[in-house]
Structure formats: structure tokens, C-alpha cells
Amino acid sequence: MTEFTKRAVQIIASIPPGRVMTYGQVAALAGSPRGARQVVRILHSLSKPYKLPWHRVINAKGKIGLPDRDAMTLQKMLLEGEGVAVSEAGEIDLERYRHQPNRF
DNA sequence: ACCCTGACTTGGC
DNA sequence: GGCCAAGCCAGGG
């Protein structure tokens with residue numbers, strides 16, 4: 001496991017309920033602005049063992065990237081359960097829910 | 001080791 | 001604002 005992966009895991013795990021982050025944002029904070037795809041891999045392979053809040057990680061368009069309709073519905077359900085509004089199309093208001101670890 | 005693929009992002013039309 | 005093309009990085013076959 002690379003350092004980047006470890007950092008990404010920490011970052012994802014630190015996203016509080018009711019907040020979301022984009023793949024690119026996580027990647028950037030973990031030290032690799034172009035590592036969004038690796039973040040995706042992390043969610044695929046490590047979300048289970050590390051119990052990561054995968055549902056709080058979405059793409060830059062503010063939408064759920066999941067190809068599976070069922071999984072998307074689950075994610076929508078989980079987020080709404082935390083107070084995040086998700087449209088039927090799986091869209092989220094990033095400006096409103098984006099988690100910003102080092103905001104001043 | 002090489003090639004393909006992906007829960008991505010950004011820039012241009 | 002939506003669709004297409006190229007860039008990027010790692011894991012898996």
C-alpha cells in the first residue's frame with residue numbers, strides 16, 4: 001500500500017457525516033492532484049475492510065458516479081440519512097455539502 | 001513486463 | 001449546460 005493510499009484512507013475516514021468530498025479533492029489532499037482514479041480504486045477495494053464512508057465521496061460534477069442503480073439508491077439513502085439532500089438523478093449541492101478540512 | 005480498464009477531471013466545442 | 005477527447009495512475013489479466 002502506498003503512502004498516497006494511506007493518506008487517502010485517512011482523509012476519507014475523516015469526512016464527517018452530512019458532508020461530502022469529490023474524488024479529485026481527496027486525491028489532491030492526499031498529495032496527488034491527478035490521483036482521482038486511485039481514490040476510486042481505494043473505495044472499491046478498501047471501503048469494506050476499513051469501513052470507509054464511500055457514500056460521501058462523489059465525482060466533481062456533484063453526482064454519484066455509481067453505474068449500478070441499486071447502489072446509487074443505497075448511497076442516496078445513506079446520505080439523506082445524514083441530512084444531505086440528493087436529487088432523484090443523484091445530484092448533490094457541492095457548494096453546500098463539500099467538506100473542507102482546512103478552511104479558514 | 002505489456003495492455004486494458006476504470007465509481008475521474010478538465011478543457012474545448 | 002451537455003457531449004467528446006485527452007491526460008493520469010494503479011491494479012488485474
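A note on names: the letters A, B, ... follow the listed sequences, proteins ahead of strands, and every chain is numbered from 1. All values below come from the heavy atoms of this structure, side chains included, with hydrogens, waters and symmetry mates left out.
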For this session: Please answer whether the main-chain N or O of I15(A) pairs with a side-chain N or O of R56(A) as donor and acceptor at a distance below 3.5 Å.
Result: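 Present.
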
What is the distance, to the nearest angstrom, from the [atom1] atom on [X] to the [atom2] atom on [N]?
X	N	atom1	atom2	result
R41(A)	dG6(B)	CZ	C1'	7 Å
Y23(A)	dA7(B)	OH	C1'	4 Å
R37(A)	dC9(C)	CZ	P	12 Å
F4(A)	dC8(B)	CZ	P	14 Å
H44(A)	dG6(B)	NE2	C1'	7 Å
K48(A)	dA7(B)	NZ	P	13 Å
L46(A)	dG11(C)	CG	C1'	12 Å
I58(A)	dC8(B)	CD1	C1'	13 Å

For this session: For G35(A), answer base if it contacts any base atom (sugar-phosphate contacts may also be present), sugar-phosphate if it contacts only those atoms, and nothing otherwise; contact means non-hydrogen atoms under 4.0 Å.
Result: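 Answer is nothing: G35(A) stays at 4.0 Å or more from every strand.
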
For this session: Would you kindly say whether H55(A) and E82(A) are connected by a side-chain donor-acceptor distance under 3.5 Å?
Result: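 Checked: H55(A)/E82(A) side chains pair up, N/O donor to acceptor below 3.5 Å.
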
For this session: Consider only side-chain N and O atoms of T5(A) and Q38(A), and report whether a donor and an acceptor are under 3.5 Å apart.
Result: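 Checked: T5(A)/Q38(A) side chains pair up, N/O donor to acceptor below 3.5 Å.
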
For this session: Compare all side-chain heavy atoms of L79(A) with those of V20(A) and state whether any distance is below 4.5 angstrom.
Result: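 Contact flag for L79(A)/V20(A) side chains = yes.
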
For this session: Find which nucleotide of DNA chain C each of E91(A) and S45(A) is nearest to by heavy atoms, and output the residue with the more 5' nucleotide.
Result: E91(A)

Problem set entry | Complementary nucleotide of dC2(B), counting Watson-Crick and G-U pairs under 3.5 Å |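 dG13(C) - that is the nucleotide pairing with dC2(B), both distances being under 3.5 Å.
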
